Number of protein chains: 4
Amino acid sequence: MSSTPSFKRLPRAVREQQMLDAAVKVFSRRGFHAASMDEIAEDAGISKPMVYAYLGTKEELFIACLHRETARMMLAIAGAAAPDLPPDQRLWRGLRAFFGFVGAHRDGWAVLYRQARGSQPFATELAAMRARLVEVVAGMLDHALRARGREVAATELEVVAYALVGASESLADWLADHPEAEPEKTATRMMNVAWLGAAQLLDGVTWRPPTD
Amino acid sequence: MSSTPSFKRLPRAVREQQMLDAAVKVFSRRGFHAASMDEIAEDAGISKPMVYAYLGTKEELFIACLHRETARMMLAIAGAAAPDLPPDQRLWRGLRAFFGFVGAHRDGWAVLYRQARGSQPFATELAAMRARLVEVVAGMLDHALRARGREVAATELEVVAYALVGASESLADWLADHPEAEPEKTATRMMNVAWLGAAQLLDGVTWRPPTD
Amino acid sequence: MSSTPSFKRLPRAVREQQMLDAAVKVFSRRGFHAASMDEIAEDAGISKPMVYAYLGTKEELFIACLHRETARMMLAIAGAAAPDLPPDQRLWRGLRAFFGFVGAHRDGWAVLYRQARGSQPFATELAAMRARLVEVVAGMLDHALRARGREVAATELEVVAYALVGASESLADWLADHPEAEPEKTATRMMNVAWLGAAQLLDGVTWRPPTD
Amino acid sequence: MSSTPSFKRLPRAVREQQMLDAAVKVFSRRGFHAASMDEIAEDAGISKPMVYAYLGTKEELFIACLHRETARMMLAIAGAAAPDLPPDQRLWRGLRAFFGFVGAHRDGWAVLYRQARGSQPFATELAAMRARLVEVVAGMLDHALRARGREVAATELEVVAYALVGASESLADWLADHPEAEPEKTATRMMNVAWLGAAQLLDGVTWRPPTD
DNA sequence: TATGAATGAGACTTCATTCAT
DNA sequence: GATGAATGAAGTCTCATTCAT
């Protein structure tokens with residue numbers, strides 16, 4: 001009598017994934033503020049107090065979404081861009097994996113970037129993730145430079161990497177908004193913009209402002 | 001002491017500017033949703049009903065901010081990048097003006113982009129403005145191409161322009177977050193990324209994905 | 001310089017009528033609470049402070065409307081139902097005038113009755129007007145009774161009169177809602193209901209509840 | 001003292017009735033617009049959000065009141081005026097039930113009619129209910145006519161029924177305003193006005209306007 | 001006289017969050 | 001473990017009403 005198993009009692013890990021799925025869906029559809037815990041709970045097929053018990057506050061819930069989606073994305077990219085490939089190959093594989101991920105999880109992307117960029121509480125989280133990306137890209141550039149016996153100040157590398165990441169994010173936004181667009185083609189376009197410029201830099205060509 | 005100037009009963013145009021100033025400030029500090037009309041009104045030194053009477057709903061107020069800041073920015077850029085300059089000069093002047101504007105109105109930039117990107121009601125407004133920028137950049141590229149007797153499909157040009165604009169926005173975000181950074185230096189960096197890559201494209205160099 | 005005549009300076013009486021016209025129109029269209037002083041002032045082509053200066057508070061303004069419309073209606077009825085006519089003639093003329101008035105001033109009727117009946121502040125005003133109508137009707141009945149040498153307690157007469165007035169109001173409501181309906185026909189119908197029953201009463205026929 | 005009954009956490013159905021009770025009370029005391037959701041909630045001994053959660057918007061809440069009171073009244077009338085009685089008996093029983101109901105639920109009556117008559121959103125609801133009453137009355141008249149081998153156009157019957165209903169409503173208003181008045185006596189009076197006139201009509205007597 | 005400018009007050013409504021069962 | 005019931009707090013918006021010009 002005391003141990004009658006209830007069919008509803010799923011293990012905690014499963015329930016949490018259901019909730020995160022629902023949360024990502026609702027957050028991406030409505031935005032952080034407009035999303036209501038009611039809708040998330042209902043969409044997850046669970047009662048609100050459960051959501052609070054498992055994943056905490058609305059803000060914490062959003063951060064949990066961010067974490068999960070970020071981890072998935074970084075995993076996809078890292079898996080594709082093996083460190084032992086030549087730099088241009090790594091960049092291409094990384095970009096293709098990135099746009100492939102965005103194309104496959106447009107919801108997640110919307111949550112990750114568009115929502116988070118706006119409000120302070122999540123800026124930190126987002127900045128951390130972007131920093132990791134920038135670091136990876138800067139590492140590729142550095143790797144390529146050293147292979148040619150050249151060297152550039154770390155700051156400069158970072159800014160260039162930042163711009164490349166920004167351009168990628170922008171195209172990813174564009175991709176998320178165009179359901180019919182092909183991720184691979186988008187990746188190729190980005191590669192054209194990114195690699196041609198980067199290759200020049202790698203070869204020591206630089207542009208300097210006119211004395212005016 | 002007897003001639004204290006009368007601070008109240010200002011004409012409508014003046015009050016509207018005060019309100020917009022306050023709104024830009026509060027929106028950029030708190031984000032659209034977290035910003036309260038109370039705080040905006042108080043910051044403008046006026047009562048809430050006046051804000052509603054002059055500038056309408058919270059949403060309309062935000063759009064009014066967007067419009068004003070956008071117009072200012074486009075004016076600054078258009079004034080700097082005269083159409084009769086050679087393309088690289090135009091791009092450089094335009095970028096310098098753009099980053100200069102962002103550096104000078106970091107509040108406005110935050111409102112313009114970061115907030116608006118998130119929520120649907122403003123996506124349209126923002127897309128329109130970005131479209132104008134993209135168009136200008138694509139025009140520059142096209143101009144340069146024709147000068148070299150070459151031609152590229154409009155779609156391709158637009159995607160490249162889109163990526164460049166995205167990279168600029170990203171650096172602008174970075175600039176807005178780093179109060180000590182110099183706009184002109186940031187513009188130079190962006191120019192390096194943008195122009196070197198673009199110049200390659202202009203010369204007919206392209207990158208193609210490996211057959212894998 | 002001090003007596004330059006302004007074309008806008010209409011005499012007070014005219015302005016007041018304009019305001020009342022506008023007020024009746026807006027009150028009847030929106031109802032008392034939903035009507036806004038702004039709309040009334042704008043509809044009257046005058047500024048709000050003027051409305052307050054001339055006709056006072058919103059509540060006072062509504063009562064002013066009530067008064068004017070009431071007076072007009074009573075005048076129309078009294079003018080038609082001359083006291084020296086035989087009772088059935090008076091009733092008929094009165095009813096015809098009443099429905100004619102309602103048909104011609106559907107706005108005014110809506111203000112008068114539908115709005116006022118609901119809220120306490122105006123119940124008094126309305127009751128007073130209805131009391132005058134009831135009194136007139138009861139007077140007719142009494143007159144007819146005496147002509148036949150009969151007499152009935154005043155209370156009874158009043159209740160009957162009250163019911164007749166109520167039935168008339170009801171048909172008037174119906175008339176106000178049916179723009180295509182003809183006032184005269186409606187009056188005839190009411191006369192059928194009213195006079196046939198009243199005539200019976202006048203003849204001493206009464207109905208008594210069964211002992212059950 | 002240790003077994004103080006728990007007044008809180010009542011089941012939904014109970015709370016809804018409490019809320020409706022409070023709403024009817026407040027609406028009838030203040031009128032729709034002047035009534036505040038705060039007061040209703042407080043009167044129901046519950047917080048405002050519960051009212052919204054269970055019964056929705058203020059407007060929806062009012063309509064819910066209308067429905068409940070209407071249903072109760074129609075039930076009372078239908079239960080009293082059995083269709084197998086002779087017409088005059090049905091009319092009498094129906095009227096007695098009607099005035100009995102109004103006398104017992106003066107609050108409800110005020111909500112039902114006086115408030116609803118004024119504003120558009122409820123006109124439909126009210127019209128529907130009145131239409132059912134009119135239909136019932138017209139049915140009685142038709143029944144009586146056929147019993148005497150006569151027939152009258154449906155439209156005419158309806159207008160007569162409408163007038164009778166209007167007269168009843170008017171007397172009901174009067175009853176609601178006179179706490180000391182006896183419902184049964186009022187019903188008798190109404191019966192006198194209604195039945196005597198109707199009986200004449202049933203017998204084929206009609207009144208025609210003079211050629212003037 | 002006439003009005004644009006201004007506001008205090010208050011209404012409805014929605015949420016994130018927590019008890020008590 | 002799970003949930004229906006419950007609420008404090010806040011936010012947007014509107015309106016009648018009054019100054020000061």
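Just so you know, these numbers come straight off a predicted model, no measurement behind them. Below, chains carry the letters A, B, ... as their sequence lines are ordered, and counting in each starts from 1.
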query = Dot-bracket for DNA chain F, 5' to 3', with Watson-Crick and G-U pairs under 3.5 Å, [ ] for crossing pairs and | for other-strand pairs: what is it?
reply = .||||||||||||||||||||
inquiry  = The test is salt bridge (charged side-chain N to carboxylate O under 4.0 Å, His left out); show your working for A:Arg30 and A:Glu39 and say whether it passes.
reply    = CA-CA 10 Å; A:Arg30 306 246 189 260; A:Glu39 188 177 355; 2.8 Å; yes
Side-chain heavy-atom pair D:Leu20, D:Leu61 within 4.5 angstrom cut-off = yes
ask   = In this structure, are over 12 heavy atoms from other groups packed under 6.0 Å from C:Gln17 atom CD?
value = yes
ask   = So, is A:Arg15 close to the F:dA2 phosphate, meaning a side-chain N or O under 4.0 Å from OP1 or OP2?
value = yes
ask   = When the distance from CZ of B:Arg9 to P of F:dT18 is rounded to whole Å, what number comes out?
value = 13 Å
key: Nearest-nucleotide comparison on DNA chain F, the residue closer to the 5′ end among C:Lys48 and A:Lys48   = A:Lys48
ask   = Counting side-chain heavy atoms from CB outward, which of E:dT7, F:dT7, F:dA2 is closest to B:Ser47?
value = E:dT7
request  = Specify the separation, in whole Å, of atom CD of A:Glu42 and atom P of F:dT3.
outcome  = 13 Å
request  = Of all the heavy-atom pairs spanning C:Tyr54 and C:Arg12, show the shortest one and how long it is.
outcome  = O-NH2, 3.5 Å
key: Nearest-nucleotide 5' precedence on DNA chain E, B:Ile46 against D:Phe32   = B:Ile46
Nucleotide F:dG4, atom C1' - distance to CE of A:Met50 in whole Å = 13 Å
query = Quick one: C:Ile40 CD1 to F:dC15 P, roughly how many Å, whole number?
reply = 11 Å
query = Any donor and acceptor pair, going by atom type alone, linking the side chain of D:Lys58 with main-chain N or O of D:Ala35 inside 3.5 Å?
reply = yes
remark   = note: D:Arg12, atom CZ; F:dT3, atom P; distance rounded to Å ~ 17 Å
inquiry  = Output the rounded distance in Å from CG (D:Leu61) to C1' (E:dT13).
reply    = 14 Å
key: d(CG, D:Asp38; P, E:dA9) in whole Å   = 16 Å
message = Output the rounded distance in Å from CD (B:Glu59) to C1' (F:dT12).
response = 12 Å
message = Determine whether a donor-acceptor pair (N or O, by modelled atom type, separation under 3.5 Å) exists between the side chain of B:Lys25 and the backbone of B:Ala44.
response = no
message = Closest approach to the side chain of A:Ser36, judged atom by atom: which nucleotide of E:dA11, F:dT3, E:dA16 is it?
response = E:dA16
remark   = When C:Tyr54 and D:Met37 are each assigned the nearest nucleotide of DNA chain E, the 5'-most assignment goes to C:Tyr54
ask   = Which part of the nucleic acid, if any, lies within reach of B:Ala35 when heavy atoms closer than 4.0 Å are counted: base, sugar-phosphate only, or nothing?
value = sugar-phosphate
inquiry  = For B:Lys58 and C:Lys58, find the nucleotide of DNA chain F closest to each by heavy atoms; which residue's nucleotide sits nearer the 5' end?
reply    = B:Lys58
Sidechain-backbone polar pair: B:Gln18 side chain, B:Arg15 backbone, donor-acceptor under 3.5 Å = no
